[in-house]
Amino acid sequence: MTGQPRVRIAPSPTGEPHVGTAYIALINRAFAKSQNGKFILRIEDTDQTRSTAASEQAIFDSLKWLGLTWDEGPDVGGPYGPYRQSERTEIYQRYAQILLEKGLAYKCFCTKEDLAALREKQEKEKKPAQGYFAQDSPCRKLTPEQIKEKEAKGEPYVIRLKVPDENPDALITFYDHTRKKEISRKYSEIDDQVLLKTDGFPTYHLANVIDDHLMGITHVLRGEEWIVSTPKHILLYNAFGWEAPKFYHLSLLRNPDKNKSKISKRKNPVSLRWFRAAGYVPDALLNFLALMGYSRSAEGKTKEEISSMELFSMDELIHEFIPGRISTTGPAFDYNKLDAINDAYTQKMTIEEFCAYKDERLKYLMEYLGPLAVETKNRFRRLNKEIDDITGFFFKLRLSYDCDEFNKIKMPPAEILSMFKTLKKTFKDKALLLNNPADFHECINEISERCGYSSKSIHMAIRIAASGEGESLPLYESLALLGVYRCISRFDDAGEALEKHIKERKEK
RNA sequence: GGCCUGUUGGUCUAGCGGUCUAGGACGCCGCCCUCUCACGGCGGAAACCAGGGGUUCGAAUCCCCUACAGGCUACCA
């Protein structure tokens with residue numbers, strides 16, 4: 001051991017690159033660099049049904065855009081590769097086999113139905129511990145002959161960890177360095193987790209523990225959602241006879257609404273590609289994210305220094321980083337404050353930097369717009385026109401509706417209102433099916449036919465709700481880029497604005 | 001339901017037993033600067049430190065209980 005820390009982030013390449021990934025990456029990188037350590041990127045693509053190469057590329061691009069570069073990873077290599085879990089399946093299988101041989105894991109032939117039945121039974125009995133554990137596990141009791149028989153028949157199986165059950169009330173404990181305290185769980189509360197799936201791929205738990213050990217990870221800084229499963233991981237480290245890394249759990253970014261639930265695309269933009277296309281300066285986004293997870297000390301600072309201490313660069317963060325100052329409370333993601341910080345950064349720029357940034361952003365914006373790029377370009381008369389007059393609606397959180405626009409829909413206001421409601425409901429129901437422009441096209445036609453809305457009216461209504469105006473970029477492509485969830489909230493907003501408008505007119 | 005975690009103004013936070021009649025930032029309001037807006041400057045409203053019990057000469061700070069919020073409870077990570 002050299003004494004230099006090695007940390008990692010391990011994003012899954014599913015869907016859009018998430019701000020949460022950048023947030024965790026930022027803390028990890030600051031931690032590593034402040035101690036002259038290494039920051040590693042590992043791709044956790046063990047979920048074969050959801051992982052895509054495009055998503056992986058988007059993670060690379062987005063993190064690089066933010067300057068969150070890594071020392072080792074799938075694209076740059078390193079001494080502990082491969083850094084993509086899908087390329088390490090034999091390793092996991094080998095280690096699962098070791099556990100099997102040691103008698104610390106077992107093959108489980110239960111089907112989905114078996115598990116559902118088990119769960120139902122447990123619920124009926126109101127057992128405090130649910131899940132697949134010890135005496136509830138039929139496959140634990142299988143004799144070697146029975147196992148052989150099932151295997152010969154070709155029954156699919158998973159490999160599960162055999163959680164020690166001699167002493168169910170004993171505690172399994174680890175130290176959380178962020179919360180600065182021990183956290184523990186009873187053995188009886190931990191189920192016999194699946195280690196290797198039927199398809200031969202590992203679950204997160206197995207792959208994560210093996211990789212962290214094999215890659216020499218010394219400190220694990222990850223999201224708070226992992227706290228409860230950390231004891232499972234400790235169990236695995238014990239089973240292998242390995243020393244566990246030190247754990248730091250980072251509080252989750254939250255939606256800025258009343259309840260502060262985990263930040264999600266259903267409620268707000270979370271894609272790093274969105275932030276980039278929206279025109280945020282990378283250093284500003286970084287600074288803002290750092291504020292969410294880390295707070296600087298005011299000690300020894302003058303009044304003036306205190307009033308500007310929220311503004312700092314990645315380098316400054318690295319130089320003064322103190323792990324003990326990582327926050328433990330879940331911060332609401334305040335888009336408003338992000339804007340303020342972004343303003344501060346643009347003000348610090350020179351004209352040259354500003355132009356370079358605008359150019360870079362414009363290029364990226366066109367890429368982001370995809371099929372709409374040409375349409376956007378064609379709407380310019382002269383190059384001095386502001387691009388955001390045309391594309392701004394993609395990047396505003398809330399639109400303000402000019403109520404005269406609604407007059408362009410040739411329908412009575414009350415009917416428009418109910419149309420917005422129908423649209424909202426249908427989009428919500430079909431949310432998972434609405435991805436491409438064609439999906440939106442089909443869906444809108446369906447509603448139009450089903451409810452007897454004229455094609456012209458429904459399209460105009462959607463156009464106004466989505467873009468805030470009666471003239472805009474081609475509709476279906478726009479909706480696809482906006483994403484279903486933001487469309488839904490815009491139907492809400494537009495409906496609300498219209499309702500207010502109707503009320504005001506009545507009062508007059 | 002069970003388990004785990006968190007709780008200082010609307011939001012992000014400083015604070016680690018007396019210096020707190022709780023400081024800063026964002027947002028909000030007002031004034032000044034000014035041809036407008038933005039920037040900047042000044043000022044203001046906004047937190048009885050979730051609530052209740054302890055411990056202590058003394059608690060936002062330590063302990064306990066309750067409430068609320070979040071997370072997890074998948075062959076997803």
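Each chain gets a letter, A, B and so on, in the order its sequence line appears, and its residues count up from 1.
- Within 4.0 Å (heavy atoms only), A/E44 reaches sugar-phosphate atoms of the nucleic acid but no base atom.
- Look at B/G1: its Watson-Crick or wobble partner, with both distances under 3.5 angstrom, is B/U73.
- Separation of the A/F288 and A/Y280 ring centroids does not fall under the 6.0 Å cut-off.
- When the nucleotides B/A14, B/U7, B/C26 are ranked by their closest atom to the side chain of A/R325, B/A14 comes out on top.
- Distances shorter than 4.0 Å separate some side-chain N or O of A/K181 from OP1 or OP2 on B/U5.
- Scored by the salt bridge (Lys or Arg N to Asp or Glu O under 4.0 Å) test, A/K33 finds A/D71 as partners (sequence neighbours excluded).
- Within residues 393-400 of chain A, no residue approaches RNA chain B, by heavy-atom distance under 4.0 Å.
- One can find a donor-acceptor pair under 3.5 Å joining the base of B/G24 and the side-chain atoms of A/E310.
- Within 6.0 Å of CZ on A/R266 lie no more than 12 heavy atoms contributed by other residues, nucleotides or ligands.
- For B/C75, the base has a donor-acceptor partner in the side chain of A/T198 [N/O atoms by modelled type, under 3.5 angstrom].
- Between A/H219 and A/F31, the ring planes lie tilted relative to each other; the angle falls in the 30° to 60° range.
- Across the protein-nucleic acid pair, A/K232 atom NZ and B/A77 atom C1' stand 12 Å apart, rounded to whole Å.
- Sorted by residue number, the list of members of residues 15-26 of chain A with any non-hydrogen atom under 4.0 Å from RNA chain B is empty.
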